[in-house]
Each structure stands twice: as C-alpha cells, then as structure tokens.
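Positions are given from 1, in the same order as the sequence printed here. First listed ligand is number 1; within each ligand, the first listed atom is number 1. The analysis underlying the following values was restricted to heavy atoms, covering all of them including side chains, and did not include hydrogens, waters or symmetry mates.
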Amino acid sequence: MKTELRVCFSALLVIFVAATPAVFAQTPELARTPPMGWNSWNCFRLNISDAIIRAEAEAMATNGMKAAGYEFVVIDGGWEGFHDTNGIFHSDPNRFPDMKALCDYIHGLGLKVGIHTSPGPKTCAGHEASYGHEKQDAETFARWGIDFVKYDWCSGDEVYKPDEMQTAYKKMSDDLKATGRPIFFSLCQYGMQNVWQWGALVGGQMWRTTGDISDNYNSVILHGLEQNGLEKYAGPGHWNDPDMLEIGNGKMNDEEYHSQMTLWCLLAAPLFAGNDLTKMSPATLKILTNPEVIAIDQDAAGVQGHCAWPEGPTEIWTKPLADGSTALGLFNLDAHAMTIIVNFKSLGLPETVQARDLWLRKDLGTFQHRLTVSVPRHGSVLLKVKK
Ligand code: GAL
C-alpha cells in the first residue's frame, strides 16, 4: 500500500513538473491581461520613418487611446539598416537616424516601444534580421529602450530545420531576458506546429495563430472564429494572437469594424490598432476606445471566450468574467439582418438575467428564459448578462 502511494506520488510529481513550465516559464508581471497598442504594418507597410512613428505615438497619447489602455507603439518591418563589422544592428540611417532618441521620445509620452525582427537572416521584405546576432541584437534593443519584440519567422526556413523552430524562438527569448530589461516577446510564425502548445514554454507572452489578416470582412471574421477551441491555451501572461486590428483602414464598414472589436475582446486577444491614428474618424476612435468593450478583453479572469451556439450564419460566443457575470457576443455573418434568440438554458445561464448592451452602454432590463436581438448584416452585439 505504502509503495503504491509512493509510486502514485512520484507519478503526480512527474505530471506536475511536466505541466508547470507553461506557467512558470513566464515573467508573470508581463501581460497579465492581453497587451494593447498600435502597430505600423497594417496601414503603412514598409513606408515608415521616425517622423511617422512619433506622430502616431503623439496621437495615441492624446486622443483617448492611451487613457483607454493602449500602451505599445510597435515599429514593424521597414526600420532595419545593417549589422556593422562588430555585429551591431543599426537602423536605416535615413528613415530612423536615432532609435534611442525615438524610444526616449515615446517613453516621454508615457508609452512603450516595440520592434520587429526575424530569427532568419532576412525579414519577410528581405531586410537585415537577427540570425547569428541574437544576443547582440537583444542587447542593442535593450540599450535603445525597446519594450516589445515581435519575432517573425520570415526567412527562418533558410537556416533552421522545422524541428529547430522552438529552439530558435527560445534563444531570442533567453537573450532578451538576459538583458535584464522586461521585454515582451511576441511570436509570429503564423500558427505553424501548433504554436499555442509551446509558445509559452519558449518564453512568449503572445503568439500569432494565423497568417496575415487583411481589411475585409471574410479575412477578419475567419481569423477570429478560427480561434475557437484554442481557449485552453490562453490565460494571464500568455495569449493567442489572431493578428492586428483593421478597424479604420477603410475597406470595411463600421458594423464590420464593430464585429472585429467585439470578437477580439471576447477572445481576450491582444489589441493592436493598425490604422493611421492621426487621421481617423470619430466613429473609428469610438470603436477603439469604448471602455466597457475593452473591459471584456482586459477582464482579470483572463479567459478566452468560445463559440457556445453556432446556428447557420449566426453565432453566440460566451466569455465568463471575473465578477461572475458573462459576456455574450452575437454575430451575424449573413448578408442581411438576422434575429438572434439567446436561449439562457442552452447557454448554461440562469433563468432570469439582467442584460446590458456594452456598445450602447445601456441597461436593457431583466429577461426571463430568453432574449431576442436583431443584428445587422455582418454586425455584432455585445452584452453583459448577470443574475
Ligand atoms: C509578416 C507578418 C506581418 C508583418 C510583416 C512584415 O510575416 O505576419 O504581421 O510583420 O511580416 O514584413
């Protein structure tokens, strides 16, 4: 009996030790809730400069976004220059003459700075990247004052075998940690090799689960809905990343942009605006900054929502919240308005609930057994319901 107990205890210990790295590999103070910020890629592509990044950072600091929780200004591909004979990474001297001064400026606005590079020799655009220079690049980034690194696979296949991918990510993560500066590590390899199963183990606070998003409804809604089933891999310190926001980039209507925000918040996804913040409409700013909607994304319980009721072209998503209430997202993927019936019992909700519409910021009253909502074409409704 005693031996059996000991065997049993040893087995438990093995399971515990095997299961814990995902939790303890994290620097717990980083990314307790999904990171928020802005990234240059979706609207500027490679056409970025010091002046553009400063203008976007100033806009974010003053237009209500910083107050709403947006924090990182991420300089995506297009900043790179060359490694000199001592192996030191330099930014493109014409576009980014002084990276440290730029980081100081952004920090002075009360914001943080992110940067993009690749484990391969070149970025996806064929610019200089970090292969063979990881440690020095991590030190250079820390010296500049970088707070976030997006590590994009790009040309990684040219130098690594598929089974070396995790080691390549862990190397940069370890080198960043060794600088002593807390630096977020964002994996970008488009979801290959089920990255959600190992992204946290190699030190990632977030990992892209998909290919690149684009500014059209099909791309956006599929990127979001595809996250269903991955909820068990997300939580405080480590998040699934279905790619950045397209809100305000001009090719969708505001209903469709609302749907991206609704879905990303239910997913507890990182929220990186991808539009030109210096030129956005009041409607775009409202979609990006509604505090009650953002509170769903940033909820302390850190649970990624899931699809609880798929029915033809409509879906009901649920996300349990720290205060015991539930966020409900009602999505209409169809090309015309649809009525969605929320049946409390089938969603495991109490018989009687109070509902609040978070986009309208309005209490809707008390409902018994069900509530019925009309949702516009490609639109969404976000409710918070409680007993
Ligand atoms: C892609 C990445 C994009 C952007 C781009 C820059 O691989 O998914 O988000 O970073 O590279 O070249």
Side-chain angles (χ1 to χ4, degrees), residues 34-49 52-53 56 70 72-82 89 91-92 95-96 99 113-131 137 141 146-160 162 165 168-169 172 176 183-196 199 204-216 218-220 222-224 226-227 230 239-249 251 260 264 267 269-277:
M36 295 173 65
W38 173 86
N39 176 302
S40 56
W41 182 250
N42 282 357
C43 74
F44 289 105
R45 296 295 195 238
L46 295 170
N47 302 315
I48 50 173
S49 65
I52 288 176
I53 300 296
E56 296 296 323
Y70 293 84
F72 293 98
V73 176
V74 182
I75 308 166
D76 208 287
W79 66 270
E80 314 81 356
F82 57 96
F89 210 166
S91 50
D92 175 338
R95 292 173 181 266
F96 289 92
M99 278 301 211
V113 195
I115 206 159
H116 171 276
T117 186
S118 167
K122 297 285 173 202
T123 66
C124 307
H127 295 185
E128 188 75 3
S130 291
Y131 178 66
D137 288 358
F141 295 154
I146 295 292
D147 308 288
F148 178 112
V149 169
K150 173 175 172 182
Y151 210 38
D152 189 346
W153 189 244
C154 296
S155 62
D157 285 338
E158 290 173 17
V159 287
Y160 292 113
M165 185 185 281
Y169 275 94
M172 183 52 112
L176 289 169
I183 300 179
F184 266 70
F185 193 47
S186 164
L187 275 64
C188 176
Q189 43 76 287
Y190 339 114
M192 289 189 283
Q193 301 183 18
N194 296 343
V195 62
W196 41 88
Q205 276 81 40
M206 57 191 262
W207 45 83
R208 275 272 297 280
T209 53
T210 63
D212 284 16
I213 202 164
S214 53
D215 188 13
N216 70 70
N218 277 348
S219 166
V220 164
L222 289 177
H223 270 72
E226 251 177 37
Q227 307 307 301
L230 300 186
W239 308 99
N240 290 312
D241 173 16
D243 208 354
M244 298 166 296
L245 302 174
E246 289 285 6
I247 296 163
N249 276 332
K251 301 221 172 77
Q260 184 177 23
W264 263 234
L267 289 169
L271 296 178
F272 282 83
N275 59 317
D276 183 348
L277 307 181

Exercise for review: Without swapping roles, check the side chain of T123 against the backbone of H127 for a donor-acceptor pair under 3.5 Å.
Suggested key: yes
Check your understanding: Which protein heavy atom lies closest to atom 8 (O) of ligand 1, and at what distance to 0.1 Å?
Key -> D212 OD1, 2.5 Å
Review point. What is the minimum heavy-atom distance between Q227 and T210, and which atoms define it?
Key: NE2-CG2, 3.5 Å
**Study point:** Polar side-chain atom of H223 near backbone of G211 as donor-acceptor pair, under 3.5 Å
**Key:** yes
Exercise for review: Name the orientation class of the two ring planes belonging to F148 and F184 (parallel below 30°, tilted from 30 to 60°, perpendicular beyond 60°).
Suggested key: parallel
Review point. With a 4.0 Å cut-off on heavy atoms, is W153 touching ligand 1?
Key: no
Review point. Can you list the atoms of ligand 1 that are under 4.0 Å from a heavy atom of C188?
Key: 2 (C), 8 (O)
Practice item. On the 0 to 90° scale, with breaks at 30° and 60°, tag the F141-F89 ring pair as parallel, tilted or perpendicular. Key: tilted
Review point. With a cut-off of 4.0 Å, which atoms of ligand 1 are near a heavy atom of Y190?
Key: 7 (O), 8 (O)
Exercise for review: May I ask you to identify the nearest protein heavy atom to atom 12 (O) of ligand 1, giving residue, atom name and distance to one decimal place in Å?
Suggested key: W41 CH2, 3.5 Å
Check your understanding: Counting only N and O atoms by type, is there a donor-acceptor contact under 3.5 Å from the side chain of Y169 to the main-chain atoms of C188?
Key -> yes
Practice item. Any atoms of ligand 1 less than 4.0 Å from a non-hydrogen atom of C124? List them with their elements. Key: 7 (O), 11 (O), 12 (O)
Revision key, fill the gap. the protein heavy atom lying closest to atom 2 (C) of ligand 1 turns out to be D152 OD2, 3.2 Å
Practice item. State if K150 counts as touching ligand 1 under the rule of any non-hydrogen atom under 4.0 Å. Key: yes
Check your understanding: Side chain of N240, backbone of L230: donor and acceptor closer than 3.5 Å?
Key -> yes
Review point. When you measure from atom 6 (C) of ligand 1 to every protein heavy atom, which one gives the shortest distance, and what is it?
Key: D76 OD1, 3.4 Å
